[in-house]
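These notes concern the structure reproduced below.
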Amino acid sequence: MSQPSTVESWVPQTPPVPSNEAERLQALERYQVLDTLAEEAFDDLTQLAAYICGTPIALISLVDEHRQWFKSKVGLDATETPRELAFCAHAICQPDQPLVVPNALDDERFASNPLVTSDPDIRFYAGTPLVTPDGHAIGTLCAIDRVPRNLSAEQIEALRSLGRQVISQLELRLQLQNLQKAQAQLVHSEKMSALGQLVGGVAHEINNPVTFIKGNLKYLERYTQELLQLLQAYQTHYPDPPPALQTLIEASDLAFLQADLQKLLQSTRNGGDRIQTIVQSLRNFSRLDETGLKTADIHGGLDSTLMVLDYRLKAVDEHKHPVTVLKNYGQLPLLNCYPGQLNQVFMNLISNAIDALESPSVRQKTLEIWTETVRDDRIAIHIRDNGPGIPAEIRPRIFDPFFTTKSMGQGNGLGLYVSHQIIVKQHGGKLSYHSETGQGTEFVIELPVSAACPREEGANTP
Ligand SMILES: Nc1ncnc2c1ncn2[C@@H]1O[C@H](COP(=O)(O)OP(=O)(O)OP(=O)(O)O)[C@@H](O)[C@H]1O
Ligand SMILES: [Mg+2]
């Protein structure tokens with residue numbers, strides 16, 4: 001297309017820079033959208049803009065420091081162009097109204113612009129600024145044609161409202177990203193609190209055998225001293241022991257020493273075994289950060305969790321009443337699951353049950369755990385306490401993040417929220433409960449076994 005002779009000497013005007021440029025760039029940066037992949041929600045809006053304006057080209061253009069980058073485009077191959085050539089860079093300088101250029105050749109700002117004088121041969125341009133809620137024009141939604149034209153007032157109004165939709169989409173996208181970050185943090189802090197409980201439980205469990213092993217060692221040391229003294233006396237007087245040696249033997253009460261030594265050694269061995277079991281449980285349990293699906297035995301996971309919480313079950317209230325644990329495990333297949341995450345759920349639900357059983361109003365404190373296969377394709381794990389129950393008025397909120405009835409430092413209100421995410425989102429299962437005031441509460445975890453693997457040697461314990 002030839003240019004009119006009157007504009008041949010025009011030079012393209014460098015677009016002005018908005019007065020709030022630094023803040024404007026920050027506003028754009030906040031969306032973290034530059035150089036991201038195409039997204040349907042934006043492409044739909046661009047398509048609609050092209051359709052409504054009747055133009056072959058429509059773009060969502062975001063104006064960066066040195067370029068305009070297209071988040072979405074119809075009818076154009078380029079992904080970005082230098083800012084000094086961008087029509088949109090002019091449009092963002094008037095955030096309150098669209099920039100309409102009916103014929104670029106008649107406009108001294110654009111007549112000699114290479115985007116006008118050569119491909120894509122822009123003649124018509126209409127761009128509505130994309131204005132953030134705090135008033136910064138970060139780019140435009142624009143419609144472009146290769147022939148001069150104009151838009152009706154209705155078309156311009158429609159373009160403006162589509163522009164507002166683009167900003168809404170960007171805001172939604174940002175909120176979603178923030179939510180995802182917040183959720184990751186929630187899950188992390190819940191993991192930390194589960195780990196805290198775990199460390200507390202294990203420290204308590206190990207402390208007991210370590211204390212009596214240490215006590216045993218004191219006696220073992222004394223007995224060994226006495227035996228060594230006797231041995232030394234024998235050696236000194238061998239082969240002719242004096243009568244004084246007999247007195248020494250009697251003073252040592254060899255028979256008692258022999259019997260007690262056996263007991264001490266046995267008890268020390270038991271202590272060692274207990275520590276070993278605890279360490280094994282800890283190894284099984286503390287897989288909170290393992291990623292990927294694993295074949296696992298649900299019952300092993302429940303047992304490890306009970307072991308970790310044993311110190312609380314032994315003395316649950318201020319009068320040190322114990323909790324009776326009744327287990328009834330059904331025949332379950334191995335599950336393909338995230339074992340560390342399931343352990344976290346068991347820990348949350350059993351901890352909640354123990355918290356409920358702390359109530360002095362509960363006499364015979366009982367925790368029942370049973371498992372079963374329900375229909376062919378699901379397993380169910382029931383965790384029931386005979387605590388005071390969940391008050392009816394808080395039931396609608398117990399799965400909300402941060403909802404807790406516990407005092408500061410005792411509860412974060414994340415246990416059920418995270419458990420629900422793990423069971424429902426990660427495993428496609430169901431987490432439900434039934435509670436009766438004064439009777440107790442039963443939580444039921446249902447998990448699909450469709451991905452279950454045949455039982456085999458060496459399977460993991462959750
Ligand atoms: N077995 C139960 N018996 C009675 N109330 C329960 C039981 N389980 C949960 N709740 C109620 O639901 C609330 C939310 O439970 P959730 O596990 O989400 O948080 P939390 O136990 O308060 O804190 P966190 O688990 O983060 O340490 C609890 O504060 C409690 O009031
Ligand atoms: Mg809890």
Side-chain angles (χ1 to χ4, degrees), residues 182-202 204 285-286 288 301-302 305-306 308-309 311-313 316-317 321-327 340-371 380-426 429-446:
Q183 198 190 17
Q185 270 164 6
L186 280 186
V187 172
H188 181 73
S189 68
E190 172 61 21
K191 271 187 189 168
M192 293 311 287
S193 108
L195 273 175
Q197 288 203 49
L198 178 75
V199 171
V202 169
H204 192 283
F285 186 89
S286 62
L288 297 182
L302 287 165
T305 311
L306 284 170
V308 166
L309 289 171
Y311 74 108
R312 294 197 62 200
L313 293 163
V316 70
D317 59 15
H321 286 125
V323 174
T324 308
V325 180
L326 302 173
K327 289 195 292 187
Q341 294 190 2
L342 287 186
N343 282 347
Q344 207 182 336
V345 174
F346 301 153
M347 176 78 132
N348 287 334
L349 298 184
I350 298 175
S351 296
N352 280 351
I354 298 175
D355 289 345
L357 292 171
E358 275 182 359
S359 165
S361 64
V362 188
R363 298 257 163 240
Q364 295 289 324
K365 299 166 193 281
T366 315
L367 172 69
E368 286 174 76
I369 301 180
W370 74 99
T371 61
I381 303 151
H382 302 253
I383 297 174
R384 185 188 144 70
D385 64 74
N386 65 341
I390 303 175
E393 63 274 16
I394 69 162
R395 285 180 201 165
R397 300 171 60 199
I398 59 168
F399 288 100
D400 291 351
F402 300 114
F403 176 79
T404 181
T405 53
K406 294 167 194 169
S407 54
M408 269 276 279
Q410 240 221 321
N412 297 317
L414 290 174
L416 288 179
Y417 170 75
V418 169
S419 300
H420 189 268
Q421 300 279 324
I422 291 174
I423 298 299
V424 178
K425 297 261 161 60
Q426 300 280 359
K430 190 174 149 194
L431 180 62
S432 57
Y433 73 96
H434 174 75
S435 189
E436 267 178 62
T437 312
Q439 299 294 307
T441 306
E442 177 183 333
F443 275 86
V444 185
I445 302 165
E446 277 188 43

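Being a predicted model, the structure only gives us computed values, none of them experimental. Both counts, for ligands and for their atoms, begin at 1 and track the order of listing. In this chain, residues are counted from 1 in sequence order.
At least one N, O or S atom of Asn352, from either the backbone or the side chain, sits less than 2.8 Å from the Mg ion (ligand 2).
Within ligand 1, counting atoms from 1 as listed, the ones closer than 4.0 Å to a heavy atom of Ile398 are 12 (O), 14 (C), 18 (O).
When the options Asp400, Thr405, Ile390 are ranked by their closest heavy atom to atom 10 (N) of ligand 1, first place goes to Ile390.
With Phe346 as the partner, the side chain to side chain contact (heavy atoms under 4.5 Å, CB included) test is satisfied by one option alone out of Leu342, Leu349, Asn348: Leu342. Of the options His434, Glu442, Glu368, a side chain to side chain contact (heavy atoms under 4.5 Å, CB included) to His382 is made by Glu442 and by none of the others.
Of the heavy atoms in Thr404, both backbone and side-chain atoms come closer than 4.0 Å to ligand 1.
The closest protein non-hydrogen atom to atom 17 (O) of ligand 1 is Asn352 ND2, 2.8 Å. Considering only non-hydrogen protein atoms, atom 21 (O) of ligand 1 sits nearest to Lys406 NZ, 2.6 Å. Distance from atom 18 (O) of ligand 1 to its nearest protein heavy atom, with residue and atom name: Leu416 N, 2.8 Å. Ranking protein heavy atoms by distance to atom 1 (N) of ligand 1, first place goes to Asp385 OD2, 3.0 Å. Of all protein heavy atoms, the one closest to atom 19 (O) of ligand 1 is Gly413 CA, 3.3 Å. In terms of protein heavy-atom proximity, atom 14 (C) of ligand 1 is closest to Phe403 O, 3.5 Å.
Assignment of Ile394 to the shell around ligand 1 is supported, since a heavy atom sits closer than 4.0 Å. For the ligand labelled ligand 1, residue Asn348 lies outside the 4.0 Å heavy-atom shell. Look at Gly389 and you'll find a heavy atom under 4.0 Å from some atom of ligand 1. Remark: distances from the non-hydrogen atoms of Gly387 to ligand 1 are all 4.0 Å or more.
No N or O atom of Phe443 sits closer than 3.5 Å to an N or O atom of ligand 1. Taking only nitrogen or oxygen atoms, main chain and side chain alike, Tyr417 does not reach within less than 3.5 Å of ligand 1.
Contact of the Leu367 side chain with the Leu326 side chain is not registered, since no non-hydrogen atoms from C-beta on lie closer than 4.5 Å. Between Val316 and Pro322, every side-chain heavy-atom pair lies at or beyond the 4.5 Å cut-off.
A salt bridge does not link Asp385 to Lys365: none of the charged nitrogens lies less than 4.0 Å from a carboxylate oxygen. Between Arg312 and Asp355 there is a salt bridge, since a side-chain N of the basic residue sits under 4.0 Å from a carboxylate O of the acidic one.
More than 12 heavy atoms of other shown residues, nucleotides or ligands fall within 6.0 angstrom of atom CZ in Arg395. Within a 6.0 Å radius of CD in Glu393, more than 12 heavy atoms belonging to other residues, nucleotides or ligands are found.
Between Ala356 and Pro388, the shortest heavy-atom distance links the atoms O-CD, 3.2 Å.
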(request) May I have the step-by-step check of ring pair (Phe, Tyr, Trp, His ring centres under 6.0 Å) for Phe399 and Tyr417, ending in yes or no? (result) CA-CA 5 Å; Phe399 288 100; Tyr417 170 75; 9.4 Å; no
